[in-house]
2 protein chains.
Amino acid sequence: MYTYEHPHPAVTTDVVVFTIRDERLQVLLVKRRNPPFTGCWALPGGFVNIDEDIEACALRELQEETGVSGVFLEQLYTFGAPDRDPRERVITVTYYALVPHDHIRIEAASDASAATWFDCTDLPALAFDHDQVIATALKRLRAKLQYSTVAFQFLPDKFTLSELQRVYEIILDQTLDKRNFRRRMLSYGLLAATEEKVRNGNHRPARLYRPQTPGRVEFIK
Amino acid sequence: MYTYEHPHPAVTTDVVVFTIRDERLQVLLVKRRNPPFTGCWALPGGFVNIDEDIEACALRELQEETGVSGVFLEQLYTFGAPDRDPRERVITVTYYALVPHDHIRIEAASDASAATWFDCTDLPALAFDHDQVIATALKRLRAKLQYSTVAFQFLPDKFTLSELQRVYEIILDQTLDKRNFRRRMLSYGLLAATEEKVRNGNHRPARLYRPQTPGRVEFIK
DNA sequence: TGCCTAAGTGTTCAGAAAACACTAAGCTTT
DNA sequence: AAAGCTTAGTGTTTTCTGAACACTTAGGCA
């Protein structure tokens with residue numbers, strides 16, 4: 001048991017894990033096995049260990065739930081309404097993560113009871129204030145698409161410009177002009193053309209590109 | 001005394017209070033009277049009460065230190081490196097506030113021991129990781145100037161376009177073209193011209209404008 | 001060989017941002 | 001009363017950026 005002179009809140013991290021699957025932007029949710037909100041869907045997350053850095057905690061949760069590491073993770077917002085958890089005062093530092101779609105087979109490797117991907121546009125009822133958290137993450141992600149290279153984080157090491165364009169279209173939910181999109185992306189000088197091409201159907205093969213600074217999210221504009 | 005099954009961190013809020021004084025962007029700092037970092041300058045802040053909303057805590061600290069209320073306050077980032085406070089694990093949710101320069105007489109009304117304004121470009125050694133917090137706040141403020149009307153929050157209810165331009169110039173540390181600046185500001189339709197003018201020296205008086213939505217920060221661009 | 005499909009490529013137009021200099025209004029000085 | 005000082009206030013031109021738009025290319029398949 002641990003005692004303090006003044007009452008202390010508990011601190012958790014919750015992570016909004018985004019990926020693009022089946023041409024949809026999806027979020028990873030887990031089914032809660034314990035009260036409160038037993039049986040309810042919730043964001044993966046958990047308590048910050050007393051000697052653990054907050055971001056390290058988010059990374060750990062991400063690893064435990066999805067098996068992935070080395071992916072984009074950014075602090076989002078800290079939610080702490082006094083009554084957001086009926087058990088005790090809980091303040092949650094939220095993060096969002098972007099996982100490339102070719103990594104998510106690892107989902108099966110998760111120890112999680114029932115971890116499932118949900119369409120962002122078709123979410124179930126959520127525990128706590130997690131609907132608010134996801135809404136905030138979505139807003140941030142959409143904003144960040146406009147002025148950074150976050151979108152690369154959804155794709156494997158090498159990808160085609162059409163794949164990249166699809167990422168933008170799916171997240172922003174609007175079609176984009178192919179020529180303008182390509183010109184813009186290449187003008188930043190953050191993509192290197194490779195000599196490789198991929199055949200992906202009965203049509204002309206597409207050239208693969210790779211980020212100049214893989215793993216880093218650069219500012220554009 | 002309060003006991004828990006698992007160890008809990010303490011949670012604080014710290015507030016970066018910005019104002020514009022003497023043609024400089026300044027930050028409010030208080031001199032610490034207690035360990036750790038006794039005698040060191042630090043951001044105003046303190047522990048979150050167990051039933052208190054986090055933002056309410058920041059507002060309270062702001063009120064206690066500066067006497068001001070009803071000003072712009074926004075959550076910035078949550079810092080929680082395990083060793084950032086030598087006493088115990090402390091996670092701090094930081095905010096930044098913008099205070100109009102004509103409100104800051106209230107500074108005297110503060111109960112704070114030694115609360116003083118410092119030029120952002122000439123800060124003393126700071127307690128904890130508060131240098132990092134201020135750096136983060138500055139970055140956010142500069143970014144936000146570009147795509148919102150935050151700058152209005154530094155000024156009284158009514159102000160001249162020249163005053164507004166000075167706010168931009170001081171924060172961004174660059175001179176701006178007067179005609180382009182005015183055209184841009186007025187084009188957003190977020191400023192209403194009043195019939196009032198202010199004489200402020202031996203020259204032509206300037207027209208006063210007031211925000212269409214005082215208190216609200218609108219997005220531009 | 002012809003057809004199907006997605007990859008790849010330029011130009012034009014419109015709106016936004018940047019550069020740039022003089023007149024207006026009130027005060028002060030003589 | 002006139003001249004001079006100081007900041008307020010105002011348009012036009014040019015440059016750049018973003019938006020609109022259609023056809024050719026490369027390979028697979030029948």
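To find a chain, count down the sequence lines: A is the first, B the second, and so on, and within it residues start at 1.
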Without decimals, in angstroms, what is the distance between [X] [atom1] and [N] [atom2]?
{"X": "B/R207", "N": "D/dA8", "atom1": "CZ", "atom2": "C1'", "answer": "11 Å"}
{"X": "B/R204", "N": "C/dC22", "atom1": "CZ", "atom2": "P", "answer": "17 Å"}
{"X": "A/Q174", "N": "D/dA20", "atom1": "CD", "atom2": "C1'", "answer": "14 Å"}
{"X": "B/K178", "N": "C/dA24", "atom1": "NZ", "atom2": "C1'", "answer": "11 Å"}
{"X": "B/H203", "N": "C/dC22", "atom1": "NE2", "atom2": "C1'", "answer": "18 Å"}
{"X": "B/N180", "N": "D/dG9", "atom1": "CG", "atom2": "C1'", "answer": "14 Å"}
{"X": "A/F181", "N": "C/dA6", "atom1": "CZ", "atom2": "P", "answer": "18 Å"}
{"X": "A/L186", "N": "C/dA7", "atom1": "CG", "atom2": "P", "answer": "14 Å"}

Inset, instruction - Verify whether one side chain among B/S162 and B/R207 offers a donor that lies under 3.5 Å from an acceptor in the other. - result: no
Legend entry - Test item: side-chain donor near acceptor, A/T213 and A/E218, under 3.5 Å: yes
Legend entry - Polar pair under 3.5 Å, donor/acceptor by atom type, side chain B/R179, base C/dA18: no
Inset, instruction - Using only side-chain N and O atoms of A/R182, determine if any of them is under 4.0 Å from OP1 or OP2 of C/dG8. - result: yes
Inset, instruction - Report yes if a side-chain nitrogen or oxygen of B/S162 is closer than 4.0 Å to either non-bridging phosphate oxygen (OP1 or OP2) of D/dA8; otherwise report no. - result: yes
Inset, instruction - Would you mind classifying the nucleic acid contact of B/K197 as base, sugar-phosphate or nothing, using non-hydrogen atoms under 4.0 angstrom? - result: nothing
Inset, instruction - Could you check whether A/R183 gets within reach of a base, just the sugar-phosphate, or nothing at all, counting any heavy atom under 4.0 Å? - result: base
Inset, instruction - Identify, between A/R199 and A/R184, the residue whose nearest nucleotide on DNA chain D lies closer to the 5' end. - result: A/R184
Inset, instruction - Would you kindly compare A/Y188 and B/N202 by the position of their nearest DNA chain D nucleotide and give the one closer to the 5′ end? - result: B/N202
Inset, instruction - Assign the ring pair B/W41 / B/F118 to parallel, tilted or perpendicular, where the plane angle (0 to 90°) is split at 30° and 60°. - result: perpendicular
Inset, instruction - Look at the aromatic rings of A/F72 and A/Y96 and report parallel, tilted or perpendicular, splitting at 30° and 60°. - result: perpendicular
Inset, instruction - Step through the shown structure and confirm whether more than 12 heavy atoms of other residues, nucleotides or ligands are within 6.0 Å of CZ on B/R210. - result: no
